Amino acid sequence: MSREERAKQFMPFAALKGYEEALREKEREVAEREEEKQRGIPVEE
């Protein structure tokens with residue numbers, strides 16, 4: 001069994017509820033900040 005298949009077995013039992021959503025939100029914020037930097041818009045770090 002591949003690691004990916006094995007990991008899928010345990011996905012329904014994620015210990016940290018809301019973690020995936022929080023991670024996606026943080027990724028969105030970082031991407032937005034990077035886009036603003038590229039446009040020359042001052043961003044607060």
Side-chain angles (χ1 to χ4, degrees):
M1 179 181 298
S2 74
R3 283 187 174 188
E4 185 177 327
E5 290 171 340
R6 184 172 168 83
K8 286 180 184 178
Q9 292 182 60
F10 299 100
M11 288 182 75
F13 303 102
L16 301 173
K17 293 199 184 283
Y19 178 73
E20 292 293 325
E21 292 82 15
L23 187 58
R24 279 193 290 274
E25 175 62 21
K26 190 63 171 178
E27 289 174 339
R28 186 194 61 75
E29 290 172 5
V30 170
E32 187 176 290
R33 236 188 342 256
E34 287 300 315
E35 185 177 313
E36 289 173 353
K37 282 182 185 179
Q38 289 179 356
R39 291 183 180 176
I41 301 171
V43 292
E44 192 174 305
E45 295 288 328

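All values reported here derive from a predicted model rather than from experimental measurement.
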- Mind running side chain to side chain contact (heavy atoms under 4.5 Å, CB included) on Lys37 and Glu34 for me, showing each step along the way? CA-CA 5 Å; Lys37 282 182 185 179; Glu34 287 300 315; 3.6 Å; yes
- Message: Just checking Glu29: does its CD atom have more than 12 heavy atoms from other residues, nucleotides or ligands closer to it than 6.0 angstrom?
- Response: yes
- Message: Determine whether a donor-acceptor pair (N or O, by modelled atom type, separation under 3.5 Å) exists between the side chain of Glu5 and the backbone of Ser2.
- Response: yes
- Is any side-chain N of the basic residue among Arg28 and Glu25 closer than 4.0 Å to the acidic one's carboxylate O? yes
- Do Glu27 and Arg24 sit within salt-bridge range, that is, some charged N less than 4.0 Å from a carboxylate O? no
- Given side chains that start at C-beta, do those of Arg3 and Arg6 come closer than 4.5 Å, heavy atoms only? no
